[in-house]
Amino acid sequence: MTSQNRKIVLLPGDGIGPEIMRVAVRVLKDCASEFGHHFEFAEFPFGGCAIDASGMPLPAETLAACRAADAILLGAVGGSKWDALPIGKRPESGLLALRKELDLYINLRPIDLRPSLRSLSPLNADRSRDVHIDIIRELAGDIYFGEHRVESDASGERATDEAVYTTGEVERVAKYAFARAEARTGRLVSIDKANVLATSQLWRRTVTRLAADHPGVKLEHLYVDNAAMQLVLAPAQFDVILTSNLFGDILSDLGAALVGSIGLIPSMSCGPGPSLYEPIHGSAPSLAGKDVACPVGTILSASMMLQESFGLKQEADWIKSSVDRLFLQGIRTADIAEPGMTTVGCSEFGERLHVEMLGALDHHKRSSRGV
Ligand code: IPM
Ligand code: MG
């Protein structure tokens, strides 16, 4: 076992962000102490709380720390307190600026139905049997980063959002998707709106051209409206999905609903530098401060960090399997509660997970010593 020294920047953010972050950090600390790693944590203001403290959602010091980190763990940003601010000044603009500054162009959102949560899926038993989809969302381009403009004259207002993609931007994320499909079942579905949008036509041309370099991948194209329907009607046909920034935002929430709760889904965003890990849900202001939020998306984001950024597969699997065992024991947060099960708050879920993780390790150590 080689021990690792890693610098992890924490951006708890707003709403339920700090609560779920506390639970995930405890998991990472357990991992460090049990497996002999040294993780150094440094927390920085980001989002609405940074606006309150310094007037800016992404302070220069926060960005500098992120650049120098080995990996970044983010909670969530935003809340009604900052809703009246113009687009470029909101907490969310800090998140977009961070993605842009670190050039985080790949966003991986695994949509996995956990067998113990099957009955929470809105899909019937037949359809929900096999939902294991990797959504790869382009994260640094599209309508998110084009110019947003509002003009007004005597007749009223006129708003414009510009969507832009270049060949290079499509190529680099598509290469990642082909590689991911090759490492899985070789099925890749690229989702666009090429019957209407010029950006989508460029997207489809580029992805189609790259397919020639990946004969082992069976590539299919779907329009996004049809894809949304197919995801609900026959999700098992999907393995790896590649799509643009806006469509990926929408389809990943849909995917989360298929597997029981948006609270469960982690994500990884990567580019040339440090990767960022975050749950795909938002700051859920109505749940904040009540200790009822589901920390699983953030816990699984921490597990993804261990696996993808640090190559610590054993540690990552230890966390995931411990979460699954808690689910099997009927330990649930409110969003995934079911009759006859034990509904716990965010911090209690963390407490029980801590006990479960250490217990599993004890058992493992004992049985490997033949005790
Ligand atoms: C997400 C979120 C963000 C996005 C918001 C908070 C800007 O919905 O990560 O899916 O639209 O990308
Ligand atoms: Mg979203």
Side-chain angles (χ1 to χ4, degrees), residues 11-18 20-21 46-51 56-58 62 66 72-83 85-111 133-146 148 161 163-165 169 173 191 224 227-228 231 241-259 261-271 275-288 293-294 296-298 300-301 304-305 335:
L11 307 175
D14 310 315
I16 59 170
I20 54 178
M21 180 66 80
F46 181 58
C49 61
I51 295 178
M56 302 201 315
L58 176 59
T62 300
C66 289
I72 306 153
L73 187 64
L74 166 64
V77 294
S80 52
K81 182 174 176 192
W82 306 281
D83 273 354
L85 293 172
I87 283 177
K89 304 249 184 260
R90 298 166 59 98
E92 291 85 348
S93 69
L95 180 58
L96 301 190
L98 184 60
R99 290 172 178 171
K100 197 70 179 174
E101 288 290 338
L102 297 182
D103 199 15
L104 301 171
Y105 63 93
I106 298 162
N107 183 222
L108 173 64
R109 301 185 160 192
I111 306 290
I133 306 170
D134 268 0
I135 298 187
I136 295 163
R137 168 188 179 195
E138 197 289 330
L139 202 64
D142 202 4
I143 200 162
Y144 273 67
F145 293 99
H148 309 291
D161 297 290
V164 183
Y165 267 124
E169 285 171 332
V173 70
I191 296 174
V224 63
L231 270 165
I241 284 177
L242 167 66
T243 193
S244 59
N245 203 344
L246 181 63
F247 299 156
D249 179 46
I250 298 164
L251 294 178
S252 56
D253 275 26
L254 189 156
L258 297 182
V259 298
S261 168
I262 195 168
L264 301 168
I265 311 294
S267 80
M268 165 178 80
S269 306
C270 23
S275 299
L276 178 146
Y277 298 83
E278 55 171 321
I280 75 162
H281 61 70
S283 59
S286 65
L287 307 182
C294 178
V296 174
T298 319
L300 296 180
S301 297
M304 260 182 121
M305 172 192 291
D335 57 322

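Both counts, for ligands and for their atoms, begin at 1 and track the order of listing.
Leu139 pairs in a side-chain contact (heavy atoms from CB on, under 4.5 Å) with only one of the listed residues (Asn245, Leu276, Leu96, Asp249), which is Asn245.
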Given side chain to side chain contact (heavy atoms under 4.5 Å, CB included), test Ile72 with Leu11 step by step and report yes or no.
CA-CA 7 Å; Ile72 306 153; Leu11 307 175; 3.7 Å; yes
Hey, mind stepping through Leu74 and Leu95 against side chain to side chain contact (heavy atoms under 4.5 Å, CB included) and telling me if it holds?
CA-CA 10 Å; Leu74 166 64; Leu95 180 58; 3.4 Å; yes
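The shortest side-chain heavy-atom distance between Arg109 and Ile133 does not fall under the 4.5 Å cut-off.
For atom 4 (C) of ligand 1, the nearest non-hydrogen atom of the protein is Tyr144 OH, 3.4 Å. Regarding atom 1 (C) of ligand 1, its nearest protein heavy-atom neighbour is Arg109 NH2, 3.4 Å. Nearest protein heavy-atom contact of atom 10 (O) of ligand 1 is Asp249 OD1, 2.9 Å.
Excluding waters, the set of protein N/O/S atoms under 2.8 Å from the Mg ion (ligand 2) reads Asp249 OD1.
Between the CD1 atom of Ile136 and the CD1 atom of Ile106 there is a distance of 8.0 Å, given to the nearest 0.5 Å.
At least one donor-acceptor pair under 3.5 Å links the side chain of Ser252 to the backbone N or O of Gly248. In this structure a side-chain-to-backbone donor-acceptor pair under 3.5 Å is missing from Asp142 to Tyr165.
Smallest separation of non-hydrogen atoms from Leu73 and Ser301: CD1-CB, 4.1 Å.
For Lys89, the NZ atom sits in a loose shell: 12 or fewer heavy atoms of surrounding residues, nucleotides or ligands are nearer than 6.0 Å.
Here His281 has no heavy atoms under 4.0 Å from ligand 1, in either its backbone or its side chain.
Taking only non-hydrogen atoms, the option from Glu278, Arg99, Glu92 nearest to atom 9 (O) of ligand 1 is Arg99.
Taking every non-hydrogen atom of Arg137 and a distance limit under 4.0 Å, the qualifying atoms of ligand 1 come out as 1 (C), 4 (C), 9 (O), 10 (O), 11 (O), 12 (O).
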